[in-house]
K.L.:
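Below is the structure I would like to discuss, written out as structure tokens.
Basis for what follows: all heavy atoms, side chains included, without hydrogens, waters or symmetry-related copies.
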Amino acid sequence: MASPRRRTPRRRVWPKIRLLLLVAVVAAGGTALYPVWKAANPDPPELKVRYRTDTPATATAAKPSLEVFNDTDRPLPLSDVTLRYWFTADGSASYAFNCVNAVFGCSNVAGRIVAMDKPTDSADHYLEVRFTAAAGDLEPGANSKGIDLQLFRTDHKKLKQSDDRSFDAEMTSYKEAENVTAYKRGVLAWGEEPDGTKASDEKKTAAKSAPEPLPAPPAGVLFDDFTYQGPKDPALFKHGWLVRTSKGGPGVENTWSASGVSFPTAEGSHADGQVLNLRASTDGTKAGTKQASLGTAASKFRDGTYAARIHFSDEPATGDSGDHVNQTFYTIGGKGSKYSELDNEYMPNGGWGRPGPKLDTVTWYDHKTNDRVYKTTNKSLDSWHTVLIRVKDGVVAYWLDGKKLFLSNGKYAPRADMSVNFNHWFIDLPFKGERAWDMKVDWLYYNANETLSAKQVQSAVEDFTGEGLNYFDTVRESR
């Protein structure tokens with residue numbers, strides 16, 4: 001009998017098909033659910049910002065203090081970071097900012113005030129803060145410590161903060177603040193913008209463009225465009241300036257007053273911005289006289305280029321003319337055999353028996369014996385001028401608007417490091433009556449390394465202000 005034929009077993013196809021269908025359904029469902037999951041589980045932020053303030057809603061200045069935290073496992077260059085503090089301007093008022101304190105130095109903090117293209121109910125401007133390459137890196141898990149800023153009206157009236165998006169009077173100690181936004185290489189990395197854009201909004205953040213990194217400020221240079229609130233502004237002192245109130249001369253002795261130092265806006269200054277204004281006022285008596293002076297606390301300047309843009313005045317701001325006022329840009333330092341002084345003294349009505357208007361450019365060897373050399377330029381300077389002093393290899397050159405006025409050398413050259421000063425004072429009091437004189441300074445620039453022309457200085461100043469650097473000081477003191 002023949003053996004039966006073996007049946008070929010049937011392949012189990014259906015379970016495999018069902019398995020594939022199940023995988024496909026799960027995958028499709030996962031794809032559809034991913035945005036929901038992503039929204040509920042966003043990537044952790046690379047950085048965080050904490051904020052505090054100590055000002056009420058109405059104040060002379062907003063004072064945001066900010067901390068940046070690095071929440072990654074890699075160093076974070078602060079030059080990659082941009083902060084924005086959002087606020088609502090009071091009518092047509094213009095605003096300015098300065099840095100009061102930062103661990104890495106206010107010389108490495110830049111800022112600008114920007115009007116928003118699309119204002120919202122809580123903001124129509126923002127203060128944008130950036131950091132130079134010299135601010136360094138934040139190590140993983142580290143924070144920047146407090147970056148103390150001031151935002152104020154340039155007319156120095158009180159500002160209202162109650163409608164400012166980033167202001168919170170209740171945050172008197174550091175807390176995370178999503179109303180202060182932070183960007184890494186132009187991409188929103190922390191917080192929420194006034195239009196509702198959040199750091200997790202990939203579509204919007206990816207459209208941002210990275211700004212050019214800010215280079216470190218040049219070594220051996222001091223620059224200041226005098227963006228301050230007034231003679232008691234803490235930033236003024238943190239930046240190395242002293243308002244003179246001490247006794248002594250020159251001029252009417254013991255009449256130096258802080259009340260003559262202010263920082264108004266002025267036509268003809270760069271961008272018609274703030275300037276240093278030194279007001280000398282009198283009623284013709286010593287008791288009714290106030291002189292004004294601002295100078296660097298440090299005496300660390302010698303060779304190099306000193307430059308300032310100054311508005312000299314031929315007429316008083318108020319009252320009758322005729323005073324023998326002295327509007328001075330000078331350096332001074334040392335004692336005895338090391339005494340050094342370089343002067344630019346403008347006297348619109350003359351002084352010491354010589355008529356004006358005149359500018360005396362003077363190099364001193366010894367003030368006790370009146371040992372000096374000078375040249376007088378007899379002309380009116382009743383406008384803005386760029387005034388330079390250049391010191392190199394024992395030669396001092398005085399320049400006005402790109403024209404050389406005077407040279408001194410030999411023993412008539414600096415023998416010590418000096419401070420830099422601006423003074424406005426009365427040589428004498430020839431008549432009675434109330435009057436006040438103003439001397440304005442747009443900016444000061446000093447370069448210890450190079451002797452520059454007025455055009456080169458102006459170009460450097462425009463570069464600094466274009467980058468939002470209104471102050472930095474990288475000049476080292478001699479040891």
K.L.:
Any ion pair linking D401 and K403 (charged N to carboxylate O, less than 4.0 Å)?
P.N.:
no

K.L.:
Does the plane of the ring in H125 sit parallel, tilted or perpendicular to the ring in Y95? Use 30° and 60° as the thresholds.
P.N.:
tilted

K.L.:
Of all heavy-atom pairs between S269 and V275, which one has the smallest distance, and what is that distance?
P.N.:
CB-CG1, 3.5 Å

K.L.:
Whether the side chain of S313 engages the backbone of M439 through a donor-acceptor N/O pair (distance < 3.5 Å, no angle test) should be reported.
P.N.:
no

K.L.:
For side chain to side chain contact (heavy atoms under 4.5 Å, CB included), just list the numbers for D343 and T361, CA-CA rounded to whole Å, side-chain angles, deciding distance to a tenth of an Å, and then say yes or no.
P.N.:
CA-CA 6 Å; D343 290 355; T361 45; over 6 Å; no

K.L.:
Can you list the steps and then say if R302 with D417 is a salt bridge (Lys or Arg N to Asp or Glu O under 4.0 Å)?
P.N.:
CA-CA 5 Å; R302 192 183 301 192; D417 290 349; 3.1 Å; yes

K.L.:
Step through it carefully: locate the ring centre of Y445, locate the ring centre of Y306, and say whether they are under 6.0 Å apart.
P.N.:
no

K.L.:
Does a salt bridge link K118 with D195, judged by any charged N lying under 4.0 Å from a carboxylate O?
P.N.:
no

K.L.:
Whether the side chain of S162 engages the backbone of A57 through a donor-acceptor N/O pair (distance < 3.5 Å, no angle test) should be reported.
P.N.:
no

K.L.:
Does the pair D233/K238 count as a salt bridge with the N-to-O cut at 4.0 Å?
P.N.:
no

K.L.:
Should L342 and Y412 count as side-chain neighbours, where that means a heavy-atom distance under 4.5 Å?
P.N.:
no

K.L.:
Which one of T227, L222, D225 satisfies the side-chain contact (heavy atoms from CB on, under 4.5 Å) criterion with Y471?
P.N.:
L222

K.L.:
Quick check: do L138 and N143 have side-chain heavy atoms less than 4.5 Å from each other?
P.N.:
no

K.L.:
Specify the closest pair of heavy atoms between Y346 and S380, including all atoms of both residues, with the distance to one decimal.
P.N.:
OH-CA, 3.5 Å

K.L.:
So V49 and L83, do their side chains get closer than 4.5 Å, heavy atoms only?
P.N.:
yes

K.L.:
Between the side chains of R279 and D438, is the shortest nitrogen-to-carboxylate-oxygen separation below 4.0 Å, so that they form an ion pair?
P.N.:
yes

K.L.:
Are P414 and V396 side-chain neighbours, meaning at least one heavy-atom pair lies under 4.5 Å?
P.N.:
yes

K.L.:
Distance-only, no hydrogens or angles: does the N101 side chain make a donor-acceptor pair with backbone N or O of D148 under 3.5 Å?
P.N.:
no

K.L.:
Using every non-hydrogen atom in the two residues, find where G260 and A292 come nearest and quote the distance to one decimal.
P.N.:
O-CB, 3.8 Å

K.L.:
Are the side chains of M171 and T53 in contact, using a 4.5 Å heavy-atom criterion?
P.N.:
no

K.L.:
Could you check, using the six-membered ring where one of them is a Trp, whether H367 and Y339 have ring centers closer than 6.0 angstrom?
P.N.:
yes

K.L.:
Output, in order, the C-alpha distance, side-chain angles, deciding distance and verdict of side chain to side chain contact (heavy atoms under 4.5 Å, CB included) for T328 and H424.
P.N.:
CA-CA 6 Å; T328 311; H424 198 177; over 6 Å; no

K.L.:
Taking the six-membered ring where the residue is Trp, are the ring centres of F131 and F104 under 6.0 Å apart?
P.N.:
yes

K.L.:
Do the side chains of D320 and R435 get close enough for a salt bridge, i.e. N-O under 4.0 angstrom?
P.N.:
no

K.L.:
In terms of side-chain geometry, is the basic nitrogen of K358 or D360 positioned less than 4.0 Å from the acidic oxygen of its partner?
P.N.:
yes

K.L.:
For the residue pair F152 and N98, establish whether any side-chain heavy-atom pair is separated by less than 4.5 Å.
P.N.:
yes

K.L.:
Quick check: do N326 and F426 have side-chain heavy atoms less than 4.5 Å from each other?
P.N.:
no

K.L.:
Using a strict cut-off of less than 4.0 Å between a Lys/Arg side-chain nitrogen and an Asp/Glu carboxylate oxygen, indicate whether K300 and E477 qualify as a salt bridge.
P.N.:
no

K.L.:
Are Y85 and F167 near enough that their ring centres are under 6.0 Å apart?
P.N.:
no

K.L.:
Which of these passes ring pair (Phe, Tyr, Trp, His ring centres under 6.0 Å) with F422: Y330, F329, W443?
P.N.:
F329

K.L.:
Take K411 and D371 through the test salt bridge (Lys or Arg N to Asp or Glu O under 4.0 Å) and record every step on the way to the result.
P.N.:
CA-CA 10 Å; K411 73 175 189 178; D371 190 355; 2.8 Å; yes

K.L.:
Please find out if less than 6.0 Å separates the ring center of Y228 from that of H239.
P.N.:
yes

K.L.:
Heavy atoms only: give me the nearest A110-L469 pair and the separation to one decimal.
P.N.:
CB-CD2, 3.9 Å

K.L.:
Given side chain to side chain contact (heavy atoms under 4.5 Å, CB included), test Y398 with K404 step by step and report yes or no.
P.N.:
CA-CA 6 Å; Y398 298 83; K404 187 187 299 182; over 6 Å; no

K.L.:
Is a donor on one side and an acceptor on the other found under 3.5 Å between the side chain of T376 and the backbone of N378?
P.N.:
no

K.L.:
Going by heavy atoms in the side chains, are T285 and K432 under 4.5 Å from each other?
P.N.:
yes

